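Written out below as structure tokens is the structure these notes cover.
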Amino acid sequence: SLGSPSQLLFYQPRLSPNSSAGFNLYQPYLLNSDDVSYYRTNKRLTKIAYHMASFREQSIEAFHTQNILKNWNAGIQFLRFDVKDFMVRSDTYYNRFLFFTDYESKNKRYHLYVNCLWNTFKNQLNGGITDDSLIDGKNLSHIDLKGLPVSLSNAGNRFREKAFHLANYFRLNGANDSSAVRLELQAISTYKSGSITYYDQFSDTSTFYQNYYNGFISYDSAGYTDSRNRLGVSIKPNHPSTKGFQSALTGFAEHQMFQYHQGDQSFRNENISIGGDFYSNFKNWKLNATAAYLITGSLQGNYKGELNLGYHSNVFSAGINQTIDRSAVPYCYIYFNGNHFQWNNSFSAIHHSRTTAYFQHSTYNISVELFADRMTGFLFMNQNALPAQLLTSLTVNGVIVAKKFNFRKWHLDNRIRFQKVSDSEVCHLPEWSLMHHLYWENKLAKGKFILSTGVRMRYVSSCYGDAFMPATGFYYLQQTTRSF
């Protein structure tokens, strides 16, 4: 149900050369500082939305932004949803609050962006039904699901994360300066802290965790703080080019202080990285290159680089993208000291590369993307729900095709994805995923409103879906049950 711990069906590694905690079970729901939008409005803008669906699913969102002054805007967003599921002990709850503001000086040489956000999850956990044979091949009603026995009768987890982002941009020369380039200084600070907590309070967990470390009453938690400060300078064209050529260059140095703690154990490291961003376009061609390299600290030698070359016209676009990185192992794979699970590992850095080629044609409403991914040091949770690392290379190759058909007011959107994993024993992914959306659409009130109604069908091929371990918040390998 909505708000439950998630696992991606498509191969999408979450890697970083910097330190990270690695608690990604709620990542698709989270709002991050980099995702915040800023506004300039002539009038107050307010949005209130309410959604109600099956499983007693409810969500409410309130958003408001306005210009306090002509050059100063501020806003807030509040989002809450909860799901009262049919299964015992499977309710979910999510709460988000965001404040954002930005200010531009009257001479347009200084710009300030600030946002503060809070994400909170409070979910029940039941450990799954006690026996899969209770549902295999049976057509159960909602009432029947409510009566099925579950493994954990009073367990749950809490995930909290808060973040503060402050970005300053100062132009050394004004927008009306006659010089050909514009110099800009950047000072960006980001602070993030979070925690994840698992709890259960009854001795029945000794049966569920009989193959692991046992604790009759447990309250396990781990937390982290991530503080980063970046100084940079950028060189951009001050005026549009008459020859169709433009380029921009940004260089930066960043300091990271990261701390991971669980119980009475705490790990702290500091790293300094340097990097840059280069952007250039000439007529229909666009080139973008980014790079970062850690020069000091315990993760010295880690890096990430990306190169994107593309051609864009009014009819079609095509390009290639290449990413390479040497990434850090998240701390949750290295150290864990809970009542049910304990480990202390020493894993190697992760080496990863990805090549992508894409083509899109607007006249025929079709797009094709090919990708080839290679990773050495792939991390996974084995069948004992303990972290492990694949010493050989793991490759994932695939293709994504999207095509849209239009006939008068009828539309059919199609998306087909194929992915092939070199070692399906340690990485469980479905090979095929198909999505088809058939709908009728019409404009009302002279085009001011759009009415759309239709059906959507999705197919995912069978695979061994991973099992979920409540005490750690990880999905782990299982080889007994395949998805239908």
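Quantities reported herein were computed from a predicted structural model and do not represent experimental measurements.
- Remark: Tyr333 engages Phe474 in a ring-ring contact (aromatic ring centres under 6.0 Å, His included) (not counting sequence neighbours).
- Closest of all the heavy-atom pairs between Arg354 and Asp373 is NH1-OD2, 2.9 Å.
- At a threshold of 4.5 Å between non-hydrogen side-chain atoms, the residues Tyr198 and Leu125 count as touching.
- A 6.0 Å sphere centred on OH of Tyr50 holds more than 12 heavy atoms belonging to other residues, nucleotides or ligands.
- Partners of Arg80 according to the side-chain contact (heavy atoms from CB on, under 4.5 Å) rule, which considers only residues two or more places apart in sequence or in another chain, are Ile60, Phe78, Tyr93, Asn95.
- Within 6.0 Å of the CZ atom in Arg89, the count of heavy atoms belonging to other residues, nucleotides or ligands exceeds 12.
- Not counting sequence neighbours, Phe347 has no partner by the ring-ring contact (aromatic ring centres under 6.0 Å, His included) test.
- In this structure, Arg158 forms no cation-pi arrangement with Phe121, as its terminal cationic atom is not both closer than 6.0 Å to the ring centre and no more than 45° off the ring axis.
- In this structure, Thr65 and Phe100 have side chains that are in contact, with non-hydrogen atoms separated by less than 4.5 Å.
- Looking only at distances, no side-chain donor or acceptor of Asn32 sits under 3.5 Å from a matching main-chain atom of Asp35.
- Side-chain N or O atoms of Asp91 include one that pairs as donor or acceptor with a backbone N or O of Asp85 at under 3.5 Å.
- When each of Tyr331, Phe267, Tyr191 is tested with Phe258 by the rule ring-ring contact (aromatic ring centres under 6.0 Å, His included), just one qualifies, namely Tyr331.
- Annotation: Lys420, atom NZ; neighbour count of heavy atoms from other residues, nucleotides and ligands within 6.0 Å does not exceed 12.
- Side-chain contact between Tyr335 and Gln265 is present, with at least one heavy-atom pair separated by less than 4.5 Å.
- In this structure, the side chains of Ser20 and Asn18 stay at 4.5 Å or more apart for every pair of heavy atoms.
- Aromatic ring orientation, Tyr29 versus Tyr26: tilted (interplanar angle from 30° to 60°).
- Side-chain contact check for Ser195 and Ser221: no donor-acceptor pair (N or O, by modelled atom type) lies under 3.5 Å.
- Within the structure, no pair that satisfies the salt bridge (charged side-chain N to carboxylate O under 4.0 Å, His left out) test touches residues 111-121, not counting sequence neighbours.
- Side-chain contact between Val36 and Tyr38 is present, with at least one heavy-atom pair separated by less than 4.5 Å.
- Applying the 6.0 Å contact sphere to CZ of Arg374 captures no more than 12 heavy atoms from other residues, nucleotides or ligands.
- When atom types are taken as modelled, the side chain of Asn384 and the backbone of Leu386 share no donor-acceptor pair closer than 3.5 angstrom.
- Formation of a donor-acceptor pair under 3.5 Å by the Asn281 side chain with backbone atoms of Lys286 is not found in this model.
- Using a distance-only test at 3.5 Å, with no hydrogens or angles considered, a donor-acceptor pair links the side chain of Asn271 to the main chain of Leu299.
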Tell me which donor-acceptor pairs under 3.5 Å the side chains of residues 5-15 have, and how far apart each pair is, sequence neighbours excluded?
unit_1: Ser6; atom_1: OG; unit_2: Leu25; atom_2: O; d: 3.0
unit_1: Gln7; atom_1: NE2; unit_2: Asp466; atom_2: OD2; d: 2.7

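- Judged purely by distance below 3.5 Å, without hydrogens or angles, the side chains of His165 and Asn115 never pair a donor atom with an acceptor atom.
- Checking side-chain atoms of Glu161 against main-chain N and O of Ser193 turns up no donor-acceptor pair under 3.5 Å.
- When atom types are taken as modelled, the side chain of Gln389 and the backbone of Ser348 share a donor-acceptor pair closer than 3.5 angstrom.
- Contact of the Leu166 side chain with the Thr190 side chain is not registered, since no non-hydrogen atoms from C-beta on lie closer than 4.5 Å.
- Judged by distance alone, the side chain of Asn24 and the main-chain N or O of Gln27 form no donor-acceptor pair under 3.5 Å.
- With no hydrogens or angles considered, no side-chain donor-acceptor pair links Glu254 and Asn229 at under 3.5 Å.
- Under a cutoff of 6.0 Å and an axis angle of 45°, Arg230 and Phe252 form a cation-pi pair.
- If you take OG on Ser273 and NZ on Lys304, they are separated by 12.5 Å, rounding to the nearest 0.5 Å.
- Around the CH2 atom of Trp118, the shell of radius 6.0 Å holds more than 12 heavy atoms that belong to other residues, nucleotides or ligands.
- A salt bridge links Arg228 with Asp226; the closest basic N to acidic carboxylate O contact falls under 4.0 Å.
- The backbone N or O of Tyr260 sits nowhere less than 3.5 Å from a side-chain atom of Arg268 that would complete a donor-acceptor pair.
- Side-chain contact between Pro387 and Trp343 is present, with at least one heavy-atom pair separated by less than 4.5 Å.
- Under a cut-off of 6.0 angstrom, the local environment of CG in Asn42 is sparse, with at most 12 non-hydrogen atoms contributed by other residues, nucleotides or ligands.
- Residues forming a salt bridge (Lys or Arg N to Asp or Glu O under 4.0 Å) with Asp102 (at least two apart in sequence, or on another chain): Arg40.
- When side chains are defined from C-beta on, Val329 counts as touching Ile334, because their heavy atoms get closer than 4.5 Å.
- A donor-acceptor pair under 3.5 Å is formed between the side chain of Asn123 and the backbone N or O of Gly3.
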